[in-house]
Amino acid sequence: MFKVFRTKIAIAGLALTLAGCAHFVPSTKVAPPTQPAQQGVAAARAQAVQTQIFLDANDFRPGMVDGRLGEFFEKALALYNANHGQPAGASPDVSGIQPYTTYTVTAEDLGQVGVMATDHAEVAKQKSCPYTNLGDVMAERFHTTARFLAAINPTIDINQLQAGQALTVPNVSDPFDIGSLPKMHTSKRDPSLAGRSIKITVATRILQVRDNDRTIASFPITPGSTDHPAPIGDWHIDEIATFPWFRYDEGVLERGERTEDFYNFPPGPRNPVGILWMQLDRPGDGIHGAPNAATIGRAGSHGCIRLANWDAALIRTLVTVGTPVSIQ
């Protein structure tokens with residue numbers, strides 16, 4: 001059994017503050033429809049969602065907010081507790097967090113949906129690498145999966161929703177708003193973040209952002225693969241860019257050899273590096289987003305460090321050009 005303690009961090013509509021950054025948890029609740037026989041399962045799922053929302057809001061990201069308390073949830077909880085002087089298995093009081101809220105689809109949401117070619121040459125001709133359905137837009141926005149959205153909206157075909165129609169979503173405090181990110185923007189060094197560093201542990205597939213000796217955020221990652229492992233050692237961030245183009249070169253991806261047979265894929269959430277590229281001082285290696293958050297911690301990458309797009313959007317605000325990166 002988990003021990004229960006009451007955190008001093010305010011929740012349920014009040015500011016959630018960590019390391020000087022304020023977060024807000026909206027307070028509107030719309031319970032997903034359930035049959036009487038399903039109410040016990042729905043209640044347990046909602047409680048799990050509450051804890052995931054709490055960790056997500058405090059920058060100890062648990063992976064998907066989907067009511068399933070798996071590996072990355074446990075690691076996020078342990079790191080959060082360690083940072084707050086609590087036992088690793090302690091469970092915060094999340095009774096004041098509303099697990100679900102309603103969201104009304106906008107024309108801008110629908111405008112994020114497009115078509116992705118499967119042929120590399122055709123992808124290179126596109127203007128962007130967009131979402132291919134509204135369910136994926138909503139899933140990334142609310143840090144979850146299209147499957148979970150379907151489960152809590154059993155009478156709705158999310159992909160058929162129009163602007164002005166509503167659906168139930170996880171009540172995350174910091175929805176991923178892709179439209180608010182600067183387009184093809186390269187960040188400059190921020191002296192106020194000079195004390196920050198990144199620690200990546202390959203074995204646990206966790207990235208920690210540290211402020212001096214204190215972990216202030218953690219993220220699930222994919223750290224390379226058996227064939228293309230992440231570069232062990234000490235590095236630093238050379239560049240931070242949003243909505244990058246991606247040079248698809250099979251020579252680089254398969255053998256680490258740059259060739260002249262390549263394609264340039266345009267920016268977008270379904271670009272192979274997602275919405276962010278943070279270049280390390282090692283050619284070809286970086287920390288970046290992903291076109292499919294469900295692969296984080298599971299499918300391998302070609303030596304780089306991959307995060308969900310919503311986590312990539314957060315980490316770019318926590319570190320700066322020149323931030324040290326230790327990969328262990």
Side-chain angles (χ1 to χ4, degrees), residues 18-21 59-61 72 75-76 79 82-83 181-249 252-253 255-258 267 271-290 296-297 300-328:
L18 181 66
C21 297
D59 296 347
F60 287 79
R61 294 295 173 87
F72 290 127
K75 291 174 179 176
L79 283 167
N83 194 50
L181 290 176
K183 302 297 186 289
M184 289 175 283
H185 173 76
T186 301
S187 301
K188 297 181 180 179
R189 186 186 298 267
D190 184 347
S192 71
L193 301 177
R196 301 283 172 84
S197 64
I198 290 175
K199 176 183 176 182
I200 295 168
T201 307
V202 171
T204 60
R205 302 189 301 281
I206 292 293
L207 182 155
Q208 297 179 53
V209 177
R210 295 179 63 81
D211 192 340
N212 296 309
D213 295 328
R214 179 171 176 255
T215 296
I216 62 169
S218 68
F219 304 90
I221 57 167
T222 294
S225 64
T226 301
D227 293 333
H228 302 278
I232 303 299
D234 295 324
W235 316 98
H236 65 260
I237 297 174
D238 267 352
E239 181 182 69
I240 302 175
T242 53
F243 292 104
W245 284 73
F246 180 76
R247 188 180 189 274
Y248 184 89
D249 185 336
V252 172
L253 297 176
R255 303 180 301 279
E257 300 174 0
R258 192 178 180 92
N271 181 287
V273 294
I275 53 85
L276 178 75
W277 175 259
M278 299 201 299
Q279 175 67 53
L280 300 181
D281 58 324
R282 174 184 162 101
D285 287 326
I287 300 168
H288 61 81
I296 300 303
S301 66
H302 289 83
C304 293
I305 307 301
R306 191 171 69 217
L307 310 97
N309 278 336
W310 61 80
D311 288 340
L314 173 61
I315 197 173
R316 64 175 285 273
T317 68
L318 302 178
V319 297
T320 185
V321 172
T323 293
V325 178
S326 174
I327 303 179
Q328 307 169 0

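Taking every heavy atom of both residues into account, P244 and L276 meet most closely at CD-N, 3.9 Å. Considering all non-hydrogen atoms of both residues, A312 and G289 come closest at CB-CA, 4.0 Å. Among all heavy-atom pairs drawn from G286 and C304, the shortest one is O-CB, 3.3 Å. Here the closest heavy-atom approach between residue H236 and residue D281 is recorded as N-OD1, 2.8 Å. Summarising the geometry of S187 relative to V321, their closest heavy-atom pair is O-CG2, 3.5 Å, with the distance given to 0.1 Å. Nearest heavy atoms, P223 versus R205: CD-CG, 3.8 Å.
V319 has its side chain within reach of V209: a pair of non-hydrogen atoms, C-beta onward, lies under 4.5 Å apart. Under the 4.5 Å side-chain criterion, counting only non-hydrogen atoms from C-beta, P220 is in contact with D311. Contact check for W277 versus P267: no side-chain heavy atoms found under the 4.5 Å cut-off.
The backbone N or O of G297 lies less than 3.5 Å from a partner atom in the side chain of T222, making a donor-acceptor pair. At least one donor-acceptor pair closer than 3.5 Å links the side chain of R196 to the backbone N or O of L318.
Atoms CZ and CD1, on R61 and I296 in that order, are 13.0 Å from each other to the nearest 0.5 Å. The CD atom of Q279 sits 10.5 Å away from the CD1 atom of I237 when rounded to the nearest 0.5 Å. Atoms CG and CD1, from N309 and I275 in turn, are 5.0 Å apart once rounded to the nearest 0.5 Å. Atom CZ of residue R306 and atom CD1 of residue I221 lie 10.5 Å apart, to the nearest 0.5 angstrom. The OG1 atom of T323 sits 6.0 Å away from the CD1 atom of I198 when rounded to the nearest 0.5 Å. For the atom pair F72 CZ and I206 CD1, the distance stands at 5.5 Å (nearest 0.5 Å).
Under the side chain to side chain contact (heavy atoms under 4.5 Å, CB included) criterion, P182 pairs with H185, T242, R316, sequence neighbours left out.
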Full working for side-chain contact (heavy atoms from CB on, under 4.5 Å) between I315 and L207:
CA-CA 10 Å; I315 197 173; L207 182 155; 3.5 Å; yes
Using the side-chain contact (heavy atoms from CB on, under 4.5 Å) rule, take M278 and V325 through it: C-alpha gap first, then chi angles, then the decisive distance, then the call.
CA-CA 11 Å; M278 299 201 299; V325 178; over 6 Å; no
Determine whether I287 and I200 satisfy the following criterion, side-chain contact (heavy atoms from CB on, under 4.5 Å), listing intermediate values before the conclusion.
CA-CA 10 Å; I287 300 168; I200 295 168; 4.3 Å; yes
Any chance you could lay out the side-chain contact (heavy atoms from CB on, under 4.5 Å) test for F60 and N83, step after step, and finish with the verdict?
CA-CA 10 Å; F60 287 79; N83 194 50; 3.8 Å; yes
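Screening residues 189-222 for ring pair (Phe, Tyr, Trp, His ring centres under 6.0 Å) gives no qualifying pairs among residues at least two apart or on separate chains.
Remark: K188 NZ is loosely packed, at most 12 non-hydrogen atoms of other residues, nucleotides or ligands lying under 6.0 Å away.
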